[in-house]
There are 2 protein chains.
Amino acid sequence: MIPSEAYLASNYGVALGTLRQALALLVEDGIVRREHGRGTFVSRGLDSASMMRFFRFQSDNSNAAAPQSNILQRRFRHPSLAEAKAFSLEASGQVMQLERLRSIEGHPCLLESIVLPLPMFGALADSNTADWDDLLYPMYQRRCGLVVQHAQDELRFSHLSARQASRLRLESGHPCVLVERQAFDIAGRCVERRTTRGDAYSFTYTAHVK
Amino acid sequence: MIPSEAYLASNYGVALGTLRQALALLVEDGIVRREHGRGTFVSRGLDSASMMRFFRFQSDNSNAAAPQSNILQRRFRHPSLAEAKAFSLEASGQVMQLERLRSIEGHPCLLESIVLPLPMFGALADSNTADWDDLLYPMYQRRCGLVVQHAQDELRFSHLSARQASRLRLESGHPCVLVERQAFDIAGRCVERRTTRGDAYSFTYTAHVK
DNA sequence: CAGTGGTCTAGACCACCGC
DNA sequence: CGGTGGTCTAGACCACTGG
């Protein structure tokens, strides 16, 4: 919680209305959240911004079963050109690459390739992936102090390679939807690059215009 | 243009700040648009909310060539159950169904099926489709007084029928992305239902999270 | 009940637009 | 230059929360 309107206004020597306008801007950007009668709180950032919103896997019963998460592989390597640029790393720097499978009730749904810049995520490089949480963003915050504040997803249509298909228990060449995400912290630094693949036949997305 | 803040405030007997807050809500909902030094104007509604934003057809030169539009067919029929419900029509009512092809530089890109409720769009039922504009929403407004204020798009993956494929010069069964849109006026009434199909390999969509 | 955010007032002054 | 929206002030009062 941050100090009250009245305190901040007098402390900074501005009128209450002006301070409220400033806070409204922070709310708009998702930096803080206001609760009538309680106070103004610093936002915890994105919890998951679930990739599941692009798909419909739930077996038509309405209970929102949280998907399980399995880290299949972890590698350390130098960044690609694009990664070095996005993360502001030297070509000689290091990144951690993860392969991750998300499942609902034991049924594999999404296959993810996650790339994290390394000095920053050092705390995760040393830990056992079996102990990791199902939701990564809250874990980034807890163990690395990194808050994911917004993200950008780019969707394309593609096909699964034989290796990808076997992970998802589908046939090689099966149509898939590919989501390429870049996630950013409050300062606007890219802190994660992620590629997610899921069955194109489960894809469904709703967009509101204006 | 609507009357100025000062006029409205005194006329309605509220403070200027209060009136500004009210107008801010209208701006948020896209009802009006404010221009510093000029005035406050009633929004003209969506111009096109182009389906093109879901695809990348432009042949990599950055000029945004406006797509041409061809009405291939017009039919009149009774509404389906879903249509009757969405449009608040009786089962014995009438709708106008259009098949429409959108092309860029002569190359067919999108195939659309558009359904309009009929007492409402009577002015278009009698007119020659060859004279229609490339952009429908401004034409709805000009000729029927109907302002499309917001819309909801639902995206799915599918395949083209032989008939659809021939319209788009693709092979039967070719993968496509299917966009089902419902468009609404300011009062929240559904005024158009539209199904758009385009080559899945041209599909690309960017979503920002928070 | 004290403390918080939410709404409202009645002004002052500034920045922008078009004539 | 007059008219417009944009910012700011210094209060008053209301509505909600939690101990």
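Just so we're clear, the structure is a prediction, and the values are computed from it rather than from any experiment. Proteins come first, then strands; the chains are lettered A, B, ... in the order of their sequence lines, and each starts at number 1.
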Between B:T40 and B:R34, a side-chain donor and acceptor under 3.5 Å: yes
CZ/B:R56: more than 12 non-hydrogen atoms of other groups inside 6.0 Å: no
Value in whole Å for how far the C1' atom of C:dC8 lies from CD of B:E5: 15 Å
Nucleic acid footprint by protein, nucleotides 9-19 of chain D - heavy-atom cut-off 4.0 Å, B for base, S for sugar-phosphate alone: BB----BBSS-
Distance below 4.0 Å between A:T40 side-chain N/O and C:dT4 OP1 or OP2: no
D:dG5 OP1/OP2 closer than 4.0 Å to side-chain N/O of B:R20: no
Nucleotide C:dT7, atom C1' - distance to CG of B:L25 in whole Å: 12 Å
Rounded interatomic separation in angstrom, taking CZ from B:R33 and P from D:dT4: 16 Å
Ring geometry between A:F54 and A:Y205 (parallel below 30°, tilted from 30 to 60°, perpendicular above 60°): tilted
Pair A:S158, A:R197: side-chain N/O donor-acceptor within cut-off below 3.5 Å: no
Estimated bend of the helix from C:dC1-D:dG18 to C:dG18-D:dC1 (axis per five terminal pairs, rounded to 10 degrees): 20°
B:T196-B:R181 side chain donor-acceptor pair, cut-off 3.5 Å: no
B:R74 side-chain N/O to B:N128 backbone N/O, donor-acceptor pair under 3.5 Å: no
Distance test, side-chain N/O of B:R34 to OP1/OP2 of D:dG6, below 4.0 Å: yes
Worked verdict on A:Q152 versus B:T206 for side-chain hydrogen bond (donor to acceptor under 3.5 Å, both in side chains): CA-CA 7 Å; A:Q152 177 170 321; B:T206 301; 5.0 Å; no
Pair A:R44, A:Q141: side-chain N/O donor-acceptor within cut-off below 3.5 Å: no
